[in-house]
Amino acid sequence: MPGLFVTFEGGEGSGKSTQVARLAARLRALGMDPLVTREPGGTAVAEGIRALLLDPERRPVPLAEALLMEASRAQLVATVLRPALDAGRICLCDRYADSTLAYQGAGRGIDRALLAQWNTAATEGLNPDLTLLFDVEPSLGLRRRSDAPGATNRLDREPLEFHERVRACYLELARSQPDRWVVLDASLGTDELEAQVWETLSPRLSRARV
Ligand code: TYD
């Protein structure tokens with residue numbers, strides 16, 4: 001596969017979305033044309049699914065929640081990510097399949113092997129080249145999030161233990177695939193974290209053509 005596929009993972013309030021935007025700005029300043037997207041969402045169909053998923057008034061059962069995440073993912077991969085990577089672009093995706101393992105697997109208790117199969121089906125086997133984990137204590141992340149008015153979604157409102165299980169799962173995934181994952185300390189300030197993201201990514205840029 002040409003292109004370079006980078007995913008951003010982490011708990012609530014880890015600051016990863018800010019880092020996606022900063023990295024994209026740096027790449028544009030270098031004359032590159034990164035594709036920036038997010039999950040759930042990133043296409044008209046998937047943004048509709050996102051609205052349904054994050055609405056605090058809705059209560060999908062865990063399996064329905066997981067399948068909606070996969071439906072959003074299938075649409076994004078087939079219509080956006082795969083074509084952009086085939087064109088040699090660098091793709092920055094705010095969350096991807098690992099979020100399902102962490103949130104619906106460790107968080108909700110759905111069997112991880114089943115979710116991994118669904119991930120393979122939805123992504124048609126498209127795996128990131130690099131995954132950045134923005135690791136932060138859930139208590140700090142949730143505090144940051146609740147300080148930003150109007151920013152909490154349905155999953156933010158889960159209890160602290162849920163977010164602790166999510167974090168532990170991410171760290172375990174990172175340990176099990178050290179070639180793909182890089183763990184960053186998301187308690188650092190935004191500028192310092194940006195510098196670390198750049199240090200991690202810049203040596204790999206030669207893979208992306210545009
Ligand atoms: P968002 O507001 O984008 O949160 P964040 O800034 O933390 O990324 O909402 C995405 C939410 O969806 C987030 O709480 C994590 C959750 N999610 C899952 O539970 N499973 C998934 O597979 C994905 C992609 C996201």
Side-chain angles (χ1 to χ4, degrees), residues 5-22 36-43 45-56 58-77 80-81 91-112 114-123 126-128 131-170 173 184 186 190 193:
F5 183 23
V6 184
T7 59
F8 293 68
E9 296 284 356
E12 314 302 322
S14 63
K16 66 182 165 43
S17 307
T18 304
Q19 296 299 331
V20 173
R22 287 201 176 195
V36 181
T37 191
R38 67 174 179 182
E39 278 207 352
T43 75
V45 168
E47 288 291 329
I49 297 172
R50 178 188 176 91
L52 197 60
L53 271 166
L54 300 186
D55 179 354
R58 315 264 166 204
R59 294 264 178 285
V61 296
L63 280 177
E65 181 179 88
L67 287 163
L68 285 167
M69 296 291 178
E70 299 295 355
S72 162
R73 182 162 302 135
Q75 189 71 22
L76 182 71
V77 169
V80 174
L81 286 172
C91 295
L92 310 181
C93 195
D94 189 345
R95 298 193 179 281
Y96 190 60
D98 298 302
S99 280
T100 299
L101 301 180
Y103 282 79
Q104 282 64 52
R108 299 278 189 233
I110 299 178
D111 179 58
R112 186 101 63 91
L114 177 66
L115 293 174
Q117 280 181 13
W118 289 353
N119 275 341
T120 303
T123 62
L126 177 68
N127 290 317
T131 299
L132 300 173
L133 173 57
F134 292 81
D135 179 54
V136 69
E137 281 274 350
S139 52
L140 173 60
L142 290 170
R143 210 173 327 128
R144 281 179 176 168
R145 180 71 37 117
S146 61
D147 288 347
T152 61
N153 66 48
R154 187 172 59 80
L155 283 113
D156 295 334
R157 300 178 187 190
E158 291 296 329
L160 188 61
E161 301 77 56
F162 176 97
H163 296 286
E164 281 168 350
R165 289 198 299 279
V166 167
R167 182 190 190 199
C169 177
Y170 273 135
L173 289 169
L184 300 172
T190 309
L193 206 46

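First listed ligand is number 1; within each ligand, the first listed atom is number 1. Please read all numbers here as calculations on a predicted model, not as lab measurements.
- Which parts of ligand 1 touch Glu39 is read off a 4.0 Å heavy-atom cut-off, strictly below it: atoms 24 (C).
- Looking at Arg58 and Glu65, no side-chain N of the basic residue comes within less than 4.0 Å of a carboxylate O on the acidic one, giving no salt bridge.
- Any N or O atom pair closer than 3.5 Å counts here, and Glu65 shares no such pair with ligand 1.
- Proximity annotation for atom 6 (O) of ligand 1: of Glu12, Arg50, Arg145, Arg145 comes nearest, heavy atoms only.
- Distances between N or O atoms of Tyr103 and those of ligand 1 include no value under 3.5 Å.
- Residue Thr100 places at least one N or O, backbone or side chain, under 3.5 Å from an N or O of ligand 1.
- At a 4.0 Å cut-off, not a single heavy atom of Arg38 sits close enough to ligand 1 to count as contact.
- To the nearest 0.5 Å, atom OG1 of residue Thr7 and atom CG of residue Leu133 are 10.0 Å apart.
- Taking the charged nitrogens against the carboxylate oxygens, Arg73 and Glu70 do have a contact shorter than 4.0 Å, which makes a salt bridge.
- Taking every non-hydrogen atom of Arg73 and a distance limit under 4.0 Å, the qualifying atoms of ligand 1 come out as 22 (O), 24 (C).
- Which parts of ligand 1 touch Leu155 is read off a 4.0 Å heavy-atom cut-off, strictly below it: atoms 12 (O), 14 (O), 16 (C), 19 (O).
- Each of the atoms 9 (O), 11 (C), 12 (O) of ligand 1 lies under 4.0 Å from some heavy atom of Leu54.
- In terms of polar-atom proximity, Gln104 is counted as a contact of ligand 1, with an N or O under 3.5 Å from an N or O of the ligand.
- Screening Leu76, Asp94, Val20 for a side-chain contact (heavy atoms from CB on, under 4.5 Å) involving Arg38 leaves a single residue, Asp94.
- Near Asn153, meaning under 4.0 Å from any of its heavy atoms, are these atoms of ligand 1: 1 (P), 2 (O), 4 (O), 9 (O), 11 (C), 14 (O).
- Side-chain N or O atoms of Glu164 include none that pairs as donor or acceptor with a backbone N or O of Pro159 at under 3.5 Å.
- Of the possible donor and acceptor atoms, none in the side chain of Ser72 sits under 3.5 Å from a partner among the backbone N and O of Leu68.
- No salt bridge links Arg143 with Glu137; every basic N to acidic carboxylate O contact stays at or beyond 4.0 Å.
- Residue Leu53 does not touch ligand 1, judged by heavy-atom distances below 4.0 Å.
- Heavy atoms of Lys16 approach ligand 1 to within less than 4.0 angstrom.
- Taking CH2 of Trp118 as the reference point, atom CG of Leu101 lies at 12.0 Å (rounded to 0.5 Å).
- Note that CZ of Arg145 is 4.5 Å distant from CG of Asp156, once rounded to the nearest 0.5 Å.
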